[in-house]
Amino acid sequence: MPKKLITIYQTLKKAYGSQHWWPAESPFEVVVGAILTQNTSWTNVERVISRLKEKNLLSAKRMSKFPVKALARCLRPAGYFNVKTRRLKNFLIFLTEEYGGNLKHLFTEPLAVLRQKLLDVNGIGPETADSIILYAAGKPIFVVDGYTRRAFSKLGLLKASASYHETQSYFMNNLPLNVKLFNEFHALIVEHAKRFCKTRPICGPCPLRSGCVYGRMHHTRTGSS
DNA sequence: GGCCAGGACACCA
DNA sequence: TGGTGTCATGGC
């Protein structure tokens, strides 16, 4: 079974090449992007990241001092802007109070401690926490998202009902504990999903031959208004 | 005009 | 423990 995962990884890597994730210039930018991209397309997140750069706000200390209302206006293009403003502020308050606003200090925590501390911040769930740990802190943890669960249950390697933790354990128990590998693998799964999602089904032959209809997220619903 | 996007949480039974 | 409503913009 371990060999199977490595084979899938190699297939995706050969098909799409290195993904060079996370697309950010600093660890703090990764944290911001991880929160902003919750249930949101990356192109919408990029608009906000650009705005924040223009305003020189991609620093924990400067963003902490920035007025909430003005920050919310900046976040508009990423959607759920009120929620995400609150979540960013929650993280900043946590970082300031416990680590003097210094990400490096936070990232010196052991992985398990770091993960629990992040999960204790309201608005940071498993995927966001793990993205921060892997892509900002550079520690080995496998990031699971909706694509991962759909793709690997479609391939028959996971139950459709597999939880976040079960999915993560499957990867981490069957792969070497390697930051670079985890980095690329998750990025490749996302890249694969972007090419073969329901709304954009045509992008050449599917390298995994999995049928490649990911379907929609089970919990995603558009407003009923 | 409807569907979807690199989730998380509150609330309910 | 598991299901459902809510949050919201922008591309296609």
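Below, chains carry the letters A, B, ... as their sequence lines are ordered, and counting in each starts from 1.
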Ring stacking, A:Trp21 with base of B:dG6, under 5.5 Å and under 30°?
yes
- Query: What about A:Asp145: does its side chain form a donor-acceptor pair under 3.5 Å with the base of B:dG6?
  - Reply: no
Whole-Å distance, A:Arg149 CZ to B:dG7 C1', equals 10 Å
From CD of A:Glu191 across to P of B:dA5 the rounded distance in Å is 15 Å
Have a look at A:Val121 and say if it touches a base, only the backbone sugar-phosphate, or nothing, with a 4.0 Å heavy-atom cut-off. sugar-phosphate
Closest to the 5' end of DNA chain B, once A:Ile124 and A:Trp22 are matched to their nearest nucleotides, is A:Trp22
On DNA chain C, more 5' by nearest nucleotide between A:Thr40 and A:Thr43 is A:Thr40
Result for side-chain contact (heavy atoms from CB on, under 4.5 Å) between A:Ile141 and one of A:Ile133, A:Leu114, A:Ile132 points to A:Ile133
From the list A:Leu177, A:Leu134, A:Leu175, A:Asn173, side-chain contact (heavy atoms from CB on, under 4.5 Å) partner of A:Phe142 resolves to A:Leu175
Between CZ of A:Arg86 and C1' of C:dA8 the distance, given in whole Å, is 13 Å
Separation of the P atoms in B:dG6 and C:dG2, to the nearest angstrom: 26 Å
Whole-Å distance, A:Lys194 NZ to C:dC12 C1', equals 15 Å
Per atom distances to the A:Val83 side chain, the nearest of B:dA10, C:dC7, C:dT9 is C:dC7
note: A:Ile132, atom CD1; B:dA8, atom P; distance rounded to Å ~ 10 Å
Under the criteria of a ring-centre distance below 5.5 Å and an interplanar angle below 30°, is A:Trp42 stacked with the base of B:dG6?
-> yes
Quiz item: When you compare C:dG10 with B:dA8, how far apart are their P atoms, in angstrom units rounded to a whole number?
Solution: 22 Å
Exercise. In whole angstrom, give me the gap between the C1' atoms of B:dC4 and C:dA8.
Key: 13 Å
Without swapping roles, check the side chain of A:Arg86 against the backbone of A:Gly123 for a donor-acceptor pair under 3.5 Å.
-> no
Only residue of A:Phe185, A:Phe182, A:Tyr135 satisfying ring pair (Phe, Tyr, Trp, His ring centres under 6.0 Å) with A:Trp21 is A:Tyr135
Closest of B:dA5, C:dG11, C:dT9 to the A:Tyr147 side chain is B:dA5
On DNA chain C, more 5' by nearest nucleotide between A:Arg87 and A:Ser41 is A:Arg87
On DNA chain B, more 5' by nearest nucleotide between A:Gln38 and A:Asn44 is A:Asn44
Once you apply a heavy-atom cut-off of 4.0 Å, does A:Ile35 come out as touching a base, just sugar-phosphate, or nothing? nothing
A:Thr128 side chain near B:dA8 phosphate (N/O to OP1/OP2, under 4.0 Å):
yes
A:Ile49 atom CD1 is separated from C:dT9 atom P, nearest whole Å, by 18 Å
Q) What integer number of Å spans the C1' atoms of B:dG1 and C:dT9? A) 16 Å
Indicate the ring-plane relationship of A:Tyr16 and A:His192, choosing parallel, tilted or perpendicular according to the 30° and 60° boundaries. tilted
Self-check item: Ring-ring centroid check A:Phe152 A:Tyr170, cutoff 6.0 Å
Solution: no
When rounded to whole Å, the CG to C1' distance for the pair A:Asn39 and C:dG10 reads 13 Å
Here the distance between atom P of B:dG6 and atom CG of A:Asn183, to the nearest Å, is 17 Å
Once you apply a heavy-atom cut-off of 4.0 Å, does A:Gly125 come out as touching a base, just sugar-phosphate, or nothing? sugar-phosphate
(request) Please determine if a side-chain N or O atom of A:Arg73 lies less than 4.0 Å away from the OP1 or OP2 oxygen of C:dT9. (result) no
